[in-house]
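Residue numbers begin at 1 in each chain, while the letters A, B, ... track the order of the sequences. The figures that follow rest on heavy atoms only: side chains count, while hydrogens, waters and symmetry mates do not. Just so it is clear, the model here is predicted, and its values are computed rather than measured.
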Amino acid sequence: MSAPAAQIPGTGSLQAGRDARRRTLFEEAILPPLVALGIALVVGDLLILTFGQAPGAVFRLLLEGTWANAYGFGQVLYKATTLTFTGLAFAIAARAGLFNIGAESQLAAGGFVAALAGLALPAGTPWLLAVPLCIVASAIGGGAVGAVPGVLKARFGASEVIVTIMLNFIVLALLNYVVAAHLHVPETLHTPEMAVGGVVRLADVSDAFRGSAANAILLLAIATAGTVWWYLFRTRPGFELRAVGLQPDAAEYGGVHVGRVWVRAMMLSGALAGLGGLNYVLGYKHYYEEGFAAGSGFLGVAVALVGRNHPLGIMLAALLFATLSQGGLAVNALVPKQMVEVLQAVVILAVVTSVPEVRRVLRAAVRPAAKADAKVSA
Amino acid sequence: MILLAFLAQTLRIVIPYLLAAAGGVLSERAGIVALTLEGFMLTGAFTAALGSYYAGSPWVGLLTGLLGGVALALLLALATVRYKADQVVAGIALNLLAIGGTRFFLRYAFDSSSNSPRVPGFGGESGGATGVLATLAASAQNPLVWIGLLIVPATAWLLYRTPFGLRIRAAGEKPEAARSLGVPVARVRVLGVACAGALAGLAGAYLALDQHQFTDGMTAGRGFIALAAVIFGRWDPKRVALACVLFAAAETFQIQLQGAQLIPSQFVEMIPYVLTIVALAGVVGRSAAPAALGKAE
C-alpha cells in the first residue's frame, strides 16, 4: 500500500506546512511550561497539605511576596538575572549536543576573575573602563573553566558530563583555597571590596525596586539573550553549532570540524555562565564570596529545559524559577521554604517525562481523525 | 600503631564508597547513568535516621535506609526506562529532589533545618576519645561494615557468574541484541537501578547510623566520589573496589595531615576528582564504558 505524498510532513501543501509549524510551536513552547506548572501545582498542594496548611492561602502569599510587592519583585528580577545567564550557558552547549553541568563552578570562576580585575583597578578608574573590563574578565574566567571539558572531549573523547561535575568540585575547592589562603578579609569568607564600586542598582533609579538587589546587569542579561539568539539562528558559526548538535556525523561529512565546534560551544557556555557571576560581584556585593553561586548553576539546567533551549523561553523560565525561589522565602512562615526546592526538581522531571508523553497521547488522538480525512479525500 | 590507626580510619571511610560504587557498577552496566548515587545516598541517610529514631533500632534504620534508596531509584527507572527521559537530566533532577525533599521532611519530622535528633546506631560510640582498637571493635559490630566488605565479591559473582549478571551486561552493551534473544531489557534495567538504589541507600544508612544522626547534605559529594570510583575502576567490581580504597586512603591521609598542615586540605579533597578526569582522558580509554550507557533502549 503506498501512502499519499501529502501525508509526509514538509512535502504537503502550504496549509499543511503551516499547521505543522503551529503544532511544533504549541508542542515546543506552550505545552512544556503548562504541563510542568500543572504537575508542580499538584505536588505543591500535596506538600502544603502535609504541613496542614491551605494551598490557596500559601500560593496567594507566594504571589504577594513576589510579583505584587516592590521589594519582592526586585529580588525576583535579581535572581532571574543570574538564572538567565546559567540557562543560556546550558542551552548553548545543549544546542551543540553537549551537557554542561559545570555552570556552578564556571559562574564562580567568572565572578572570581571579575572581582580580581575590580580589585586590581585603582579607585579613580572611570566607570566606562572598569565595567567593560570586569565583563570581559568574568567571561574569560568562566570560558577558561568551560574550555577544559570541551578540549578533553574533542581530544580524548572524555564525557563532558562527568568532567564538568568533577570540575565543579575541583574549581570550587581551588577558589576557596585561594580566597582563604591569600585574599580574604579576616574573619570572613570574602575578598576585600573593589575600589571601583559596581554598576547601578535599579533601586537608585526608581523607587519601584526599593531596597532590592536588582541591578543593571539585568540589562546585560537581556542583551546577552538577544545576542545568543542572533548567534544561534542568524550566523554561520551558530548554524554549525546547531548542526553538530542535531547530527554530528552529518555535520562532519558536511565539512564542519566537530571537535572544534565542541570546544567553541563549551567555551561560550562557560563564558555565559561566568557572566552570571557579575550579577553578584559587580551588581550587588562588590566582592567575591565563597559559595555565592549556591545552586544557580544547577538551576540553569532546569531553566534551559523549561525554556526549551531558546533565549526567549529561557528568560521566561528564569522568571518562573526566580519567582519560586523568592516565593519560598515569602511562604516560609507557613510551609518550609524547602518546598520550592522540591517543586523545582518536580518541574524538571515533569518536562523530561510528561511532555513527551502528553505529546504522544495528543498525536495518538489526532491521528485516527487525520486518517479518516485522508480516506475520504482519496 | 600509627599504621593500624590509618587502616582503621580508612576502613570507616571506605565502607559507604564500596556500597554505593557496587550499586553504581550494577546500574551503569545495565545501561543507566549512575549520577543519582548522591541522591540515593542522601535519601537513604535520611530514611535510615527516620527509621532508627522512630523504631529505636538501628536494624530498622538499615532497612528503611535501603528502602529510601530503592524508592528514589524506582522513580529514576520510571523516568528513564518507562518514559525514556534523558538519563542525565532526570538524574540531576532527582539529586535536586533528594536535597530539597530531605530538607523539607527534616522540618516536617524533626522541626529542624539542620539535623535530626540523636538516633540509635550500631555498637558503641565512634569518633569519641576511644582508641584504635575500640574503633575497630565498633566497626566489627556494625553489620554494614561486613556487608560493605562482602559486597565486592558478591557483585563480581552476580555480574560474571549468574544469568542475571549476563542479562545486566547485555542490557548495557547491546540492548537490541539482548531483546532479540528474549531478555526483558526494560525489567533488567529497572532491577539494575533498584540494586543501585538499595546499595547507595545502605551507604547513606551507614553515614547516618555511624554519626547517630542525619545532618542536612551529610553525603557531601560522596555519591559523586563513588561514581568517580566506578569510572576510574573501569566498571569492573574488583578495580572499582581498589579505586574506593585509594580514594578513602587519600581522605584518611588528609584527615591525619590536618594537624601538620603540609598540604592545604582543599588540594587533597581534589584527588578523586582529578584522578577521574585523568582516567577519562587517557587511562580508561574510549571503549571501557558500557556501549549503551545513557541511551534509551
Proximity breakdown for [X] and chain A, heavy-atom pairs closer than 4.5 Å:
X        : answer
Leu94(B) : side chain
Leu35(B) : side chain
Ile99(B) : both
Ile92(B) : side chain
Val88(B) : side chain

Do you know the tightest heavy-atom contact between [X] and [Y]?
X         : Y         : answer
Met166(A) : Ala228(B) : CE-CB, 3.9 Å
Phe104(B) : Val342(A) : CB-CG2, 4.4 Å
Ala85(B)  : Val352(A) : CB-O, 3.4 Å
Arg107(B) : Asn332(A) : NH1-OD1, 3.8 Å
Ala345(A) : Leu97(B)  : CB-N, 3.5 Å
Glu341(A) : Gly100(B) : OE1-CA, 3.3 Å

Under the criterion side chain to side chain contact (heavy atoms under 4.5 Å, CB included), I'd like the reasoning laid out for Phe224(B) against Asn168(A): C-alpha separation, chi angles, the key distance, then a yes or no. CA-CA 11 Å; Phe224(B) 290 120; Asn168(A) 277 343; over 6 Å; no
Could you please spell out the steps behind the side chain to side chain contact (heavy atoms under 4.5 Å, CB included) verdict for Gln344(A) and Leu96(B)? CA-CA 8 Å; Gln344(A) 285 164 341; Leu96(B) 289 175; 5.7 Å; no
Relative to each other, are the rings of Phe267(B) and Tyr177(A) parallel, tilted or perpendicular (30° and 60° limits)?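 Perpendicular.
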Qualifying residue, where the test is side-chain contact (heavy atoms from CB on, under 4.5 Å) with Ile162(A) and the options are Ile277(B), Thr276(B), Val33(B):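 The option that passes is Thr276(B).
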Roughly how far, to the nearest 0.5 Å, is the [atom2] atom of [Y] from the [atom1] atom of [X]?
X         : Y         : atom1 : atom2 : answer
Gln338(A) : Asp216(B) : CD    : CG    : 7.5 Å
Met270(B) : Leu167(A) : CE    : CG    : 10.5 Å
Glu269(B) : Ile170(A) : CD    : CD1   : 11.5 Å

Heavy-atom cut-off 4.5 Å, strictly under: side chain, backbone, both or neither for [X] against chain B?
X         : answer
Ile165(A) : side chain
Phe99(A)  : side chain
Leu172(A) : neither
Leu343(A) : neither
Leu152(A) : side chain
Val161(A) : side chain

Can you check whether Tyr83(B) reaches Leu349(A) side chain to side chain, under 4.5 Å on heavy atoms?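 The answer is no, as the side chains (C-beta and beyond) never meet within the 4.5 Å cut-off.
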Can you tell me if Lys84(B) has over 12 outside heavy atoms packed within less than 6.0 Å of its NZ?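 Enclosed: over 12 neighbouring heavy atoms sit under 6.0 Å from NZ of Lys84(B).
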